[in-house]
Engineer: 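Structure incoming, see below.
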Amino acid sequence: MSFIRLEPRGQASPLWVYGAPLLAVALTLVSGFLLFWAMGFNPVAALHAFFVAPLTSARGIGELVVKATPLTLCAVGLAVGFRANVWNIGAEGQLTLGAVTGGGLALAFYGEGGWWLLPLMVAGGIAGGMAWAAIPAFLRTRFNASEILTSLMLTYVALLLLSYLVHGPYRDPDGFAFPESRLFEEAATLPVLVSGTRIHLGALFALAAVAGCWVLVARTFVGFQIRVIGLTPAAAGYAGFKEKKIIWLTLLLSGGLSGLAGLGEVAGPIGQIVPSVSPGYGFTAIIVAFLGRLHPVGIVLAALLMALSFIGGEAAQIGLGLPKAITGVFQGMLLFFLLGSDVLIRYRVRVGARKTVSQGATA
Amino acid sequence: MSIEVAGPVIAAMMTAATPLLFAALGELVVEKSGVLNLGVEGMMLGGAVVGFAAAVLTGSSAVGFVAGALAGLLLAALFGVLTLGLFTNQVATGLALTLFGVGLSSLVGQGYVGHPIADVPELHIPVLTDLPIIGQPLFGQSLPVYLALAAVPAVHWFLFRTRAGLVLRAVGENHTAAHALGYKVIRIRFLAVLFGGAMSGLGGAYLSLDYTPMWAEGMTAGRGWIALALVVFATWKPGRVLAGAWLFGGVTILQLHAQGVGFAVPSQLLSMLPYLATVLVLVLISRDVTRIRLNAPASLGKIFYPD
């Protein structure tokens, strides 16, 4: 019939499991080239300014790690949920809540902090993110409400809550009415790991989360249940796996890690609570999870790449006068191409007319 | 509420409901065909920015609406090619469409932020519009408000009274059976996706051309997601979409009015109301599992591989 056809493969192609993300990155760069060209920029110079120039300094590489940290934290948690078909897309809200609760502790104990303050804030950030994710978990398990929509609605609520707090209770009393909190004191700030950069302790939290989630998914019975529920829900039902338990677990896990990411931002590079804690890390983490094939190691690589898109977006804003949102265009394109090229894992592309099957050959 | 303000309040509620009505009716048809497109927010933003830009460039809001619908349709086509042609996961592709639409719309719209534009004229029918209380809300709205209203019975008629609608619903209920009967599952779904995109684009264009009227980044503020929730709220029935859209229009207006009269609650907390209302309504509807199961298209979100 049609000239270009997709022919199912008997087995997933191992080549394309790894080749598809690379193809997607390449296609994104080609599209970016065309996009910049269409907008009247020198495409080579623009792509260089966007993706290469930020990496030519130690500071730039440090920023890459700083931005990859929250992305990794959010994405490893989300990926565990996605494996079980639990679609938490409210990581941005959970991240915000982590900043609100963990950062709120820094403000509550302002001036009296000791060695105990940071651990308390970390626990507070995790608890805040978990609490926010517990709402969709409860509504899904108890009332069957789609976690996609509830977690997303709660993101808008969380962002408004943050805005209310920095305009009201959290506002710096000596801050000339600017909507931001006091700068956190020393005891409430995550230590910098590499001097001369802003790489902070959160980067180690992210690596620990990656290792932890890998062990959970690949080496535990719960991880096995998660994978079975995601692949064949019916089989999981016959095996007696408790779907509700997995929904709770995955949402609390991803919420807690997102909350930790939010605390890492306010107690790390930002150092105070501001109206905009995240440039959309929670949403980009969804792409990171897919780009990393829901696999912890892949997620680290994907987070670094997506962090580069944020840095490139800032560079494009300063150097080329483009809105920061160009980051979203690149991220969206990358996810489109990635999802699209996944077809090669399960299908062969055949060009040419289909051979007519001879009648009666299979007698 | 005194009787004098009732008219303007009802009128404001109807305008607030209009973008939701467009987007939710479009998505309802898409879901009835068995496809879940979570990219409504992105398509609305695309429609809002392109519609606004077209209206500024041509000076015609009618051209703006057409351009907005086309922008939504093009974004939906992208979604359709990926999910229907390349079998991508519908949830992930829809999310990508929203991220892409948010970014692309602010890129396209960067020269238009804060640009003023004349809003769409309201109709004025002598006598009827001058009626007390109901005159203005019922007979004095701009044309798109009536288009959205007219789309409710039109979509209902199409889905439940025409042969094409029957085929579309069959495809959404059981694509394998529909395919076996010889219906072009992918083509039908693609057309439904395009319709949904055009309607979302119209909803977005209504926001930037008539409701606000101006372009600002991310101006849909989650209305695309609320539209998705409305489809569930309506249990996939067009008439109930209207009820839901009015309910949310009412909550939006309530929140604005409470701010207007200096109600002693911080504005951010009032602004949470539409989102909290969405969650509440979603919970109330979803907990009736049987009703959801009876009404939700059985193939919703499932991928169809033609053999």
Engineer: Within the structure provided, determine whether B/P266 and A/Y164 are in side-chain contact (heavy-atom separation under 4.5 Å).
Structural biologist: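 Touching, per the 4.5 Å side-chain cut-off.
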Engineer: So which part of A/L339 gets closer than 4.5 Å to some heavy atom of chain B, the side chain, the backbone, both or neither?
Structural biologist: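 It is both, since atoms from each part get that close.
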Engineer: With a 4.5 angstrom heavy-atom cut-off, could you sort out which part of A/Y347 is near chain B: side chain, backbone, both or neither?
Structural biologist: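 Contact with chain B: side chain only.
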Engineer: Any side-chain heavy-atom pair from A/L161 and B/Q268 closer than 4.5 angstrom?
Structural biologist: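 No, side chains not in contact.
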Engineer: With rounding to the nearest 0.5 angstrom, report the NE2 to OG distance, A/H167 to B/S267.
Structural biologist: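 Between A/H167 NE2 and B/S267 OG, I get 8.0 Å after rounding to 0.5 Å.
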Engineer: Which bit of A/L334 is near chain B, if near means a heavy-atom gap under 4.5 Å: side chain, backbone, both or neither?
Structural biologist: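 Looking at A/L334, nothing touches chain B.
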Engineer: Using non-hydrogen atoms and a limit below 4.5 Å, what part of residues 215-228 of chain B faces chain A?
Structural biologist: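 B/E217, B/A221, B/G222, B/W225, B/I226, B/L228 fall under the 4.5 Å cut-off.
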Engineer: Considering non-hydrogen atoms only, spot the tightest contact between A/M153 and B/V279 and give its length.
Structural biologist: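 Closest approach of A/M153 to B/V279: CB-CG2, 3.5 Å.
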Engineer: For chain A, which candidate among B/T93, B/L82, B/V91, B/L282 shows the most heavy-atom pairs at distances under 4.5 Å?
Structural biologist: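 The candidate making the most pairs under 4.5 Å is B/V91.
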Engineer: Determine whether A/I89 and B/L95 make a side-chain contact, defined as any pair of heavy atoms from C-beta on separated by less than 4.5 Å.
Structural biologist: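 SC-SC contact between A/I89 and B/L95 confirmed.
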Engineer: Which answer fits A/R346, side chain, backbone, both or neither, if we ask what part of it has an atom under 4.5 Å from a heavy atom of chain B?
Structural biologist: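 Side chain only.
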Engineer: Is there a donor-acceptor pair under 3.5 Å between the side chain of A/N144 and the backbone N or O of B/V289?
Structural biologist: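 Not confirmed, A/N144 side chain does not pair with B/V289 backbone.
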Engineer: Any idea which of A/I326, A/L139, A/L152 has the most non-hydrogen atom pairs under 4.5 angstrom with chain B?
Structural biologist: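 Most heavy-atom pairs within the cutoff with chain B belong to A/L152.
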Engineer: Should the ring pair A/F336 and B/F100 be called parallel, tilted or perpendicular, given that the plane angle runs from 0 to 90° and is split at 30 and 60?
Structural biologist: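 If you compare the ring of A/F336 with that of B/F100, the planes turn out perpendicular.
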